Amino acid sequence: MIARAIESGRAEVLRGTVARGSLTPFASILDAPFVGSDFSVLPATSAFGLLARMVRLNAFEPTDLFRLFGIRARRADDLSELMTFSQARHTALARALRLSSVPPTWNLTVWFPFQSSSEILRPEWAFRYCPQCIRSGYHTLLHQLPWINRCPWHGATLINACPCCGSKPPVLADWRFDRNLTCNCGHALLSTNAALKQSVGPPSGAADFIAGYLEWAAIERERVTLVAPEHPTNIASALGDLIPLPRNWARRYGERDSRRHTRVWRAADHAPHPDRKAIKQFDTLRQDRPGFLVVPDQTRGSIAHVAADLALKLPSSSLTEREMNLFLAGIGMGTPKAFQPAQRRFSTTLSTLPPWVVAGQQFLNLACLHPMAYRPIVKLVDIIAPDDRSSFNFHAQATISELNLLIRACGHLLARGYAEGLRAILSRYIPDLYKMRRDAPHLTTPWILVTRDQTRLFSIRVVWIPMDCTQTAAADLLEEAEVANQRRERRHGKSRERLVHNGA
Ligand SMILES: [Zn+2]
Ligand SMILES: [Zn+2]
């Protein structure tokens, strides 16, 4: 406006119509009040990246965060985490920069190709960057995504540590003057010169790539939902394995050397008629401490095989003859001729581990499964049939192929959880299991992606992530989970009692 007024030589026209402040010689600075905040050279910069760059180029001190930007931070705070998850800080920064609104790309969820809260990345948050981009003070949330492993522009592996000493990247809100993003070992991630010249910053094509990525992610978010475990661990590595990128990107930016077990089930056009009772039977898994599950017909075979296959693999003299019979009963097999029974008394504990059949129904002892293995089944049912999980509406709405897909996946989750839990519990009684490589006790947690096409369920993808425990601790984890379930049951029982009491 000032420029226009000067050009036309009629500056006096503005008098009285424009606030005096904006007519000062500093007025144009108000549009971009700080050095280094030019968005045009920083496509989809993260809020933290922008701030870190401005801190260096304007020689800010930690106290300036609040003084100039209104950003409250304690010195021990990870500034990259704060600037990723705090909407209040986003607003403060946008206001200080005179932006009309918060840039949408500061919001982590717009980068997700699935529906989920951004909080999923928070518990194990670590600043992750491209060593070349960051030298110019460029960082984008694209670099934080666990399913992207290389910088699309430099091809550099994205890292979340100091490349020189391996310690955590220097992103706390307590930098020393002119030394932000500089590690204690002396290595500087950000170079003032490079930032001023934009010498190694993202190339001109970066904006196009990001636009393409965000467009793809938006389409995926419409149809893909994440089902994460209740208490997620190894989050970045789980999501890295679970989230599929389009093939051409996967090869270039997403490649990883993981050999985690992944499975995908797709809806089949000519699926056999599913067992309609199954969804209702899975309802048992909602209880605080579910005792026994009536196994859906479609899953009975696999549960019976889990017990029998493991029993047949055990070293000789592990089970008594009666126990062996119970383990094999589900597949209708008697004890093999070569079987050598254990020389001890029949164990009632061991006898409750295999499934058993009463009045034509198969019962599974859920103490054999870690809740992290069976609770996702409930979440899956809720996502696919949110309102009417036990009414007949769902059955009317869901096609045969969808229902079939859901029950197939749930049945597999159940059987796998049972196989792992069974080995863990048996290892207490049969220590030789620790030596059986593939069958040695270990527990995993499923991470699940549900994909729909239009409104129909299309596929279910699962990756199993090991729980953090040693072989010998697996049985302890199951016991702890059982105690936690008991506590839940008591707590809810008490609050129900109180309700009844108050009501009366
Ligand atoms: Zn880069
Ligand atoms: Zn270092």
Side-chain angles (χ1 to χ4, degrees), residues 36 38-57 62 75-81 83-84 103 105-106 108 111 125-214 216-217 236 240 245 248-256:
D38 178 3
F39 279 82
S40 65
V41 294
L42 305 164
T45 173
S46 65
F48 170 76
L50 184 66
L51 192 60
R53 181 178 150 87
M54 286 194 296
V55 161
R56 177 65 68 83
L57 296 183
R75 288 186 174 247
D77 282 338
D78 177 326
L79 200 53
S80 79
E81 182 187 337
M83 294 311 296
T84 304
T105 48
W106 289 0
L108 193 52
W111 299 88
W125 179 260
F127 178 63
R128 189 158 170 265
Y129 62 98
C130 160
Q132 298 198 49
C133 285
I134 200 77
R135 278 193 74 69
S136 289
Y138 176 66
H139 176 256
T140 162
L141 291 179
L142 183 81
H143 289 158
Q144 293 285 165
L145 307 176
W147 45 97
I148 302 274
N149 269 320
R150 291 177 179 279
C151 174
W153 311 295
H154 299 108
T157 303
L158 300 169
I159 49 177
N160 53 16
C162 167
C164 290
C165 70
S167 56
K168 282 185 182 172
V171 289
L172 300 187
D174 73 340
W175 67 90
R176 279 182 292 138
F177 177 73
D178 201 30
R179 308 264 294 163
N180 71 314
L181 284 178
T182 302
C183 181
N184 281 337
C185 76
H187 177 72
L189 272 54
L190 170 66
S191 142
T192 309
N193 261 346
L196 282 172
K197 292 186 200 151
Q198 275 298 308
S199 51
V200 281
S204 50
D208 292 339
F209 178 86
I210 287 177
Y213 174 86
L214 289 173
W216 167 76
L245 283 171
N248 55 334
W249 290 349
R251 229 184 14 249
R252 276 184 278 172
Y253 319 123
E255 213 163 74
R256 37 195 305 124

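Whatever order the structure lists them in is the order used to number ligands and atoms, beginning at 1. Given the structure is predicted, the values throughout are model-derived calculations rather than measurements.
- When distances to the Zn ion (ligand 2) are checked against a cut-off of 2.8 Å, C164 contributes no N, O or S atom below that limit.
- Among the atoms of C151, an N, O or S atom falls under 2.8 Å of the Zn ion (ligand 1).
- The CZ atom of F48 lies 5.5 Å from the CG atom of L79; values are rounded to the nearest 0.5 Å.
- Residues W111 and T140 have side chains that never bring a donor and an acceptor to within less than 3.5 angstrom of each other.
- We find the CG-OH distance between L142 and Y253 to be 10.0 Å, quoted to the nearest 0.5 Å.
- Backbone or side-chain N, O or S atoms of C162 reach the Zn ion (ligand 2) at under 2.8 Å.
- In this structure, the separation between SG on C162 and CG on N184 is 9.5 Å, given to the nearest 0.5 Å.
- Rounding to 10 degrees, one finds that the Zn ion (ligand 2) sits at the corner of an angle of 100° between C165 SG and C183 SG.
- Vertex the Zn ion (ligand 1), arms ending at SG of C133 and SG of C130: the angle is 110° after rounding to 10 degrees.
- Closest N/O/S atom of H154 to the Zn ion (ligand 1): ND1.
- The backbone N or O of A52 sits less than 3.5 Å from a side-chain atom of N180, completing a donor-acceptor pair.
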